[in-house]
Asker: 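Below you'll find the structure I mean.
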2 protein chains.
Amino acid sequence: MNVYSFFIPLTHKLEIMPVLKKSEIKRAALVKATIHLVNNQGFHAAPMSKIAKMANVSPATIYIYFENKQDLVNQVYKEVKAEYMQYAFETFNADASIAEGFELVWRRMAEYKLKDIEKGFFLSQCENTPMIDTSSRQDGIKNLKPLLDLWDRGITEGIIKPLSHQLLYAFSIYPLAFLLNAEKRGDLKITTAHLNEAYQAAWASITQ
Amino acid sequence: MNVYSFFIPLTHKLEIMPVLKKSEIKRAALVKATIHLVNNQGFHAAPMSKIAKMANVSPATIYIYFENKQDLVNQVYKEVKAEYMQYAFETFNADASIAEGFELVWRRMAEYKLKDIEKGFFLSQCENTPMIDTSSRQDGIKNLKPLLDLWDRGITEGIIKPLSHQLLYAFSIYPLAFLLNAEKRGDLKITTAHLNEAYQAAWASITQ
DNA sequence: CTGTAAAAAATGAATGTTTATTCTTTTTTT
DNA sequence: AAAAAAAGAATAAACATTCATTTTTTACAG
């Protein structure tokens, strides 16, 4: 329920709402504030009032852009995940060799997470929390398809070990999250050398 | 501040308190309830009142055993982590070969997480949350020493890749957490075959 | 072993905050 | 001037924690 309810008859709401123009600047500020607060205090300490204050907005304004807190967090998750996937596969070429294709995607993923640690860390925060709906999570996974296809092709060609996608992901992609978290905590400064070593390890773990 | 404060002069408190007997049954019930609730709803939806109800205890009773919520969560984390490490290294033998030693520890870790998914999942929930103090986290890591020593020996012997502990951990141990989470979500049923494949991948990723 | 009084543990209800969300009004945009 | 966006203040529920009592356990004198 939001402010439009009082002006627009219920039957027209659905068709009219998408036409409404809203200031996307405030929305972006809210998204950014949400990411930052969740990262530094966790979901349990990112109240709407703080998010509003950090975005220089009244708490009430949040409800113009988002239905409620659950919706806010899930929308932010979906947007960041989509951006991440978009970046990872932007330079992807399905005709490249398995080795080339995998290295390209792997490095783009690493690059994204390193260039925007806030967003990368936010995504790993979301990975295990029940705050994110199952549907949002599935929504985020579906963009992974080109990589899964690549793996399947690699398995057929005898280059990649015949493992489930889950296992391949767990050993070649998931470790990046650990390194990122270590960096965020200050336990590690990821260098180019580290990244090359990590790539070697990832490739070694999934190839015959 | 707790109930003893009114009966015991401040100067005697520290020496006298450890002698006090308390019913460890209630405390254990609280620990179990905390793990269960945090696992299924996240930290943000595990209020003291619910924890108390699930442990069949009054909310006030929690404060006899724990200082506050932060303390409760951190104590639970430290206990579970200690139990996990104890289990992982129980059969460890520093004289075994690198390969044998690593496989033993790796399988014990996997075994622990699989035999008690609730606790295993709780630990991964804690891995990224700011609810856990830095000191609690360091406390949990220090038990990992035998594995780190094994790696160092393996590096000297030219068996293990000369990588930082962080990288070795990220690729050989951390993936287990992903598989566990997938199992908890119902996306995967971990079989003995999976486990063997996972072990091979772990070993491949860190060896020359 | 038993009765008893002090200590400790446990409780339900109370407290004061914090929270998400909504209401009413004002400001900005169209 | 109408519609939309934004705001601050209001609301009601949820929360962590404490308070005032009651119940249980402990220690030990007889």
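Proteins come first, then strands; the chains are lettered A, B, ... in the order of their sequence lines, and each starts at number 1. Small disclaimer: the values here were computed from a predicted structure and weren't measured.
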Asker: Rounded off to whole Å, could you give me the CD1-to-C1' distance for the A:Ile64 and C:dT29 pair?
Answerer: 13 Å
Asker: Can you tell me if B:Lys26 touches the phosphate of C:dA8, counting only side-chain N or O atoms and a distance under 4.0 Å to OP1 or OP2?
Answerer: no
Asker: Tabulate protein N/O versus nucleotide N/O from nucleotides 12-19 of chain C, keeping only pairs under 3.5 Å, one per line.
Answerer:
{"from": "C:dG12", "atom 1": "N7", "to": "B:Ser58", "atom 2": "OG", "distance (Å)": "3.0"}

Asker: Check the distance between C:dA10's C1' and B:Phe66's CZ and give it to me in whole angstrom.
Answerer: 15 Å
Asker: A:Glu100: what forms a salt bridge (Lys or Arg N to Asp or Glu O under 4.0 Å) with it, not counting sequence neighbours?
Answerer: none
Asker: Quick one about B:Gln138 and B:Asp133 (side-chain donor to acceptor, distance below 3.5 Å, no hydrogens or angles considered), yes or no?
Answerer: no
Asker: When you check the side-chain N and O atoms of A:Asn74 and A:Arg137, is any donor under 3.5 Å from an acceptor?
Answerer: no
Asker: Measure CD/B:Gln70 against P/D:dC15 and give the value in whole Å, please.
Answerer: 18 Å
Asker: Roughly, in whole Å, what's the span from CD1 in B:Ile62 to C1' in D:dA16?
Answerer: 9 Å
Asker: Would you mind reading off the distance between B:Leu30 atom CG and C:dA10 atom C1', rounded to a whole angstrom?
Answerer: 12 Å
Asker: Taking CD from B:Glu24 and P from C:dA8, how many angstroms apart are they, rounded to a whole number?
Answerer: 16 Å
Asker: B:Ile51 has an atom CD1; how far is it from atom C1' of D:dT17, in whole Å?
Answerer: 13 Å
Asker: Would you mind reading off the distance between A:Glu67 atom CD and C:dT21 atom P, rounded to a whole angstrom?
Answerer: 10 Å
Asker: OP1 or OP2 of C:dA10 less than 4.0 angstrom from a side-chain nitrogen or oxygen of B:Tyr63, does that happen here?
Answerer: no
Asker: Could you pull out the closest heavy-atom pair between B:Ser58 and B:Ala52, with the gap in Å?
Answerer: C-CB, 3.9 Å
Asker: Search all heavy atoms of B:Gln125 against all heavy atoms of B:Val38 and return the closest pair with its distance.
Answerer: NE2-O, 2.8 Å
Asker: Mind running salt bridge (charged side-chain N to carboxylate O under 4.0 Å, His left out) on A:Arg153 and A:Asp149 for me, showing each step along the way?
Answerer: CA-CA 6 Å; A:Arg153 228 178 72 220; A:Asp149 288 345; over 6 Å; no
